[in-house]
Novice: 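Can you keep this structure in mind? I'll have questions shortly.
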Number of protein chains: 2
Amino acid sequence: MRPKNLEKEQAIRTIALDIIAKEGLENLSMQKLAKAANVSPRTIYIKYEDKDDLLIKLFITEVLGAYEAATLKGFDERMDFKTGIKKLWDNGFQYLKNNRTHFALILYGKSSPMLNKAYQRENIQQGQFFAPIHRFIQVNVEAGIIQDLPFDAQRALMFSPLLDLVNEYFDHLNRPVQIITDEVIANCCDAVIKGMMK
Amino acid sequence: MRPKNLEKEQAIRTIALDIIAKEGLENLSMQKLAKAANVSPRTIYIKYEDKDDLLIKLFITEVLGAYEAATLKGFDERMDFKTGIKKLWDNGFQYLKNNRTHFALILYGKSSPMLNKAYQRENIQQGQFFAPIHRFIQVNVEAGIIQDLPFDAQRALMFSPLLDLVNEYFDHLNRPVQIITDEVIANCCDAVIKGMMK
DNA sequence: ATAATAAGTAAATGTTTATTTACTTATTAT
DNA sequence: ATAATAAGTAAATAAACATTTACTTATTAT
């Protein structure tokens with residue numbers, strides 16, 4: 001049996017992310033993707049059931065999986081609160097600014113109903129994404145270090161500004177000065193920590 | 001000369017927003033829209049140059065314009081900092097939770113490269129969206145009430161969590177309990193204020 | 001060596017796409 | 001009343017769409 005060519009599979013994924021980041025999910029077509037990845041359209045259908053299957057696997061496995069792993073690298077839920085959040089912010093910012101195409105698909109994960117539903121399903125069936133952060137927050141609520149709010153609210157307070165700041169970072173990439181520096185990120189992280197603590 | 005039928009124009013806009021919210025921007029086609037709005041495809045092209053023109057006008061005028069007006073209603077940049085932010089959060093939350101289709105397009109404004117570029121262009125050519133908030137922040141930085149950070153960073157700290165909380169609000173709409181209540185929103189707003197103040 | 005088989009390709013499928021053509025209708029200034 | 005005209009329609013256009021058919025190729029267990 002002829003084995004799958006993993007380079008082709010990776011090319012399909014990488015170039016799909018490129019097209020989504022540059023032209024938008026609305027403008028990704030299977031034929032355009034096949035041509036750009038130097039592959040027959042049929043080859044994509046050997047590896048993915050259909051277009052939705054490709055997009056969901058791209059989003060859940062390729063992007064969110066890698067983003068989660070990078071964010072949690074060196075993080076331990078037993079860290080003290082400030083240290084933990086700073087680690088998560090630093091990991092997240094470094095990863096996203098170095099993986100612009102991943103970031104683009106993460107944004108579509110919020111806006112596209114189809115990707116949003118896939119994310120909810122995955123979170124229910126396979127266990128929560130970012131489970132260590134869930135426990136980290138719970139521990140710190142129980143220890144009386146941070147305020148007691150629903151987890152989804154805590155997560156919004158902790159990480160929404162970071163994603164928006166990454167957006168601003170990319171908006172300034174082709175301009176004379178970068179406004180979103182590591183120092184600005186660190187200051188914003190401090191503000192977030194201050195807001196959450198009792 | 002036969003006058004434009006404004007009801008048809010409004011139907012086109014409203015139903016376009018419906019389709020985007022339910023099926024996603026990727027699944028909005030001119031023919032589907034025409035059929036759903038009970039209009040000939042040609043009629044859409046009388047009112048809009050092409051598909052991009054329709055989407056940009058929907059986003060900038062119909063959605064962002066209304067969102068800005070609703071957010072700023074009863075807000076005055078001379079309010080004291082806490083009162084001002086609370087007003088903006090309350091206005092924003094009420095508006096978005098009552099206008100789900102507008103919210104859906106606002107999310108695409110962050111992810112879709114075409115809408116994102118249109119927003120940047122508009123912000124440069126026609127003057128900043130949310131200019132009173134810009135001045136409000138500046139005044140409070142100069143008075144030493146809040147920390148001195150780039151405007152884009154301040155805005156991310158102030159409003160990103162709100163948009164994510166609205167997302168959570170809608171995610172919980174069809175579930176047994178609503179986790180994102182007015183009280184949770186108020187507590188999150190307090191946390192944001194606390195984080196920004198010196 | 002070769003039989004078996006999944007991976008791969010090029011080209012075609014029928015459908016849907018954005019947009020236009022050719023025509024009709026409703027309104028208003030005369 | 002009617003000429004002038006933009007708004008509106010139904011149907012058509014060519015291109016692009018997701019997916020499949022019919023075929024070839026590379027690999028490996030025998």
Side-chain angles (χ1 to χ4, degrees), chain A residues 1-62 105 108 112-115 117-118, chain B residues 1-62 105 108 112-115 117-118:
Chain A
M1 174 181 92
R2 183 174 171 180
K4 283 195 188 187
N5 185 334
L6 291 177
E7 276 171 43
K8 289 194 183 206
E9 182 144 13
Q10 195 50 59
I12 290 167
R13 292 182 178 231
T14 304
I15 287 171
L17 288 171
D18 280 351
I19 293 172
I20 293 167
K22 264 193 209 105
E23 306 177 38
L25 187 57
E26 318 84 279
N27 296 305
L28 175 73
S29 83
M30 297 301 258
Q31 293 184 120
K32 192 191 273 183
L33 171 56
K35 200 165 206 174
N38 212 16
V39 132
S40 162
R42 187 72 182 84
T43 303
I44 305 177
Y45 286 89
I46 291 169
K47 293 154 197 298
Y48 305 97
E49 220 178 282
D50 54 24
K51 194 183 179 185
D52 277 4
D53 184 48
L54 164 65
L55 291 174
I56 290 172
K57 283 183 177 143
L58 258 186
F59 178 47
I60 299 288
T61 311
E62 185 88 355
L105 188 52
Y108 272 109
S112 153
M114 184 243 137
L115 289 179
K117 279 171 203 147
Chain B
M1 172 180 90
R2 183 176 172 179
K4 282 195 190 189
N5 185 334
L6 292 177
E7 278 171 41
K8 289 194 185 206
E9 182 144 12
Q10 195 50 60
I12 290 167
R13 290 182 179 231
T14 303
I15 288 172
L17 288 171
D18 280 350
I19 293 173
I20 292 167
K22 267 194 207 104
E23 306 177 38
L25 187 57
E26 318 84 277
N27 296 304
L28 175 73
S29 83
M30 297 301 258
Q31 294 185 121
K32 192 191 274 185
L33 171 57
K35 200 165 207 174
N38 212 15
V39 133
S40 162
R42 187 71 182 83
T43 303
I44 305 177
Y45 286 89
I46 292 170
K47 293 153 198 299
Y48 305 97
E49 219 177 283
D50 52 24
K51 194 183 179 186
D52 277 4
D53 183 47
L54 164 65
L55 292 174
I56 290 172
K57 282 183 178 145
L58 258 185
F59 178 47
I60 300 288
T61 312
E62 185 88 354
L105 188 52
Y108 273 109
S112 154
M114 184 244 136
L115 289 179
K117 278 171 203 146

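Within every chain, numbering begins at 1; the chains are lettered A, B, ... in the order of the sequence lines, protein sequences first and strands thereafter.
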Novice: Would you say the side-chain atoms of K57(B) pair up with the backbone N or O of R13(B), donor to acceptor, closer than 3.5 Å?
Specialist: no
Novice: If a pair means Watson-Crick or G-U wobble with both distances below 3.5 Å, what does DNA chain C look like in dot-bracket form, with | marking bases paired to a different strand?
Specialist: ||||||||||||||||||||||||||||||
Novice: More than 12 foreign heavy atoms under 6.0 Å from CG of N5(A): is that the case here?
Specialist: yes
Novice: Carefully, step by step, assess M114(A) and Y108(A) under the rule side-chain contact (heavy atoms from CB on, under 4.5 Å).
Specialist: CA-CA 10 Å; M114(A) 184 243 137; Y108(A) 272 109; over 6 Å; no
Novice: To the nearest Å, how far apart are K47(A) NZ and dA6(C) C1'?
Specialist: 11 Å
Novice: What heavy-atom pair brings D50(A) and Y45(A) nearest, and what distance separates the two atoms?
Specialist: CA-CE2, 4.0 Å
Novice: State, to 0.1 Å, how close K117(B) and K22(A) come at their nearest heavy-atom pair, and which atoms those are.
Specialist: NZ-O, 4.4 Å
Novice: How close do I15(A) and A37(A) get, counting heavy atoms only, and between which atoms?
Specialist: CD1-CA, 3.5 Å
Novice: Under the criterion side-chain contact (heavy atoms from CB on, under 4.5 Å), I'd like the reasoning laid out for N27(A) against K32(A): C-alpha separation, chi angles, the key distance, then a yes or no.
Specialist: CA-CA 9 Å; N27(A) 296 305; K32(A) 192 191 273 183; 4.0 Å; yes
Novice: Would you mind reading off the distance between N5(A) atom CG and dT5(C) atom C1', rounded to a whole angstrom?
Specialist: 17 Å
Novice: Search all heavy atoms of I60(A) against all heavy atoms of A118(A) and return the closest pair with its distance.
Specialist: CD1-O, 4.1 Å
Novice: To the nearest Å, give me how far apart OH (Y48(A)) and P (dA18(D)) are.
Specialist: 16 Å
Novice: For dA26(C), take OP1 and OP2 only and decide whether either is under 4.0 Å from a side-chain N or O of K8(B).
Specialist: no
Novice: Rounded to whole Å, please give me the gap between CD1 in I12(B) and P in dA7(D).
Specialist: 12 Å
Novice: To the nearest angstrom, how far is N27(A) atom CG from dA15(D) atom P?
Specialist: 19 Å
Novice: What are the residues of residues 28-46 of chain B, sorted by number, that bring a heavy atom to within less than 4.0 Å of DNA chain C?
Specialist: L28(B), S29(B), M30(B), Q31(B), P41(B), R42(B), Y45(B)
Novice: Testing the basics here: between E49(A) and D53(A), what is the closest heavy-atom pair and its distance to 0.1 Å?
Specialist: N-OD2, 2.8 Å
Novice: Do you know the tightest heavy-atom contact between L55(B) and L115(B)?
Specialist: O-CD2, 3.9 Å
Novice: Can you find a pair of side-chain heavy atoms, one from I12(B) and one from E9(B), that are under 4.5 Å apart?
Specialist: no
Novice: In residues 49-56 of chain A, which ones come under 4.0 Å of DNA chain D, going by heavy atoms?
Specialist: D50(A), K51(A)
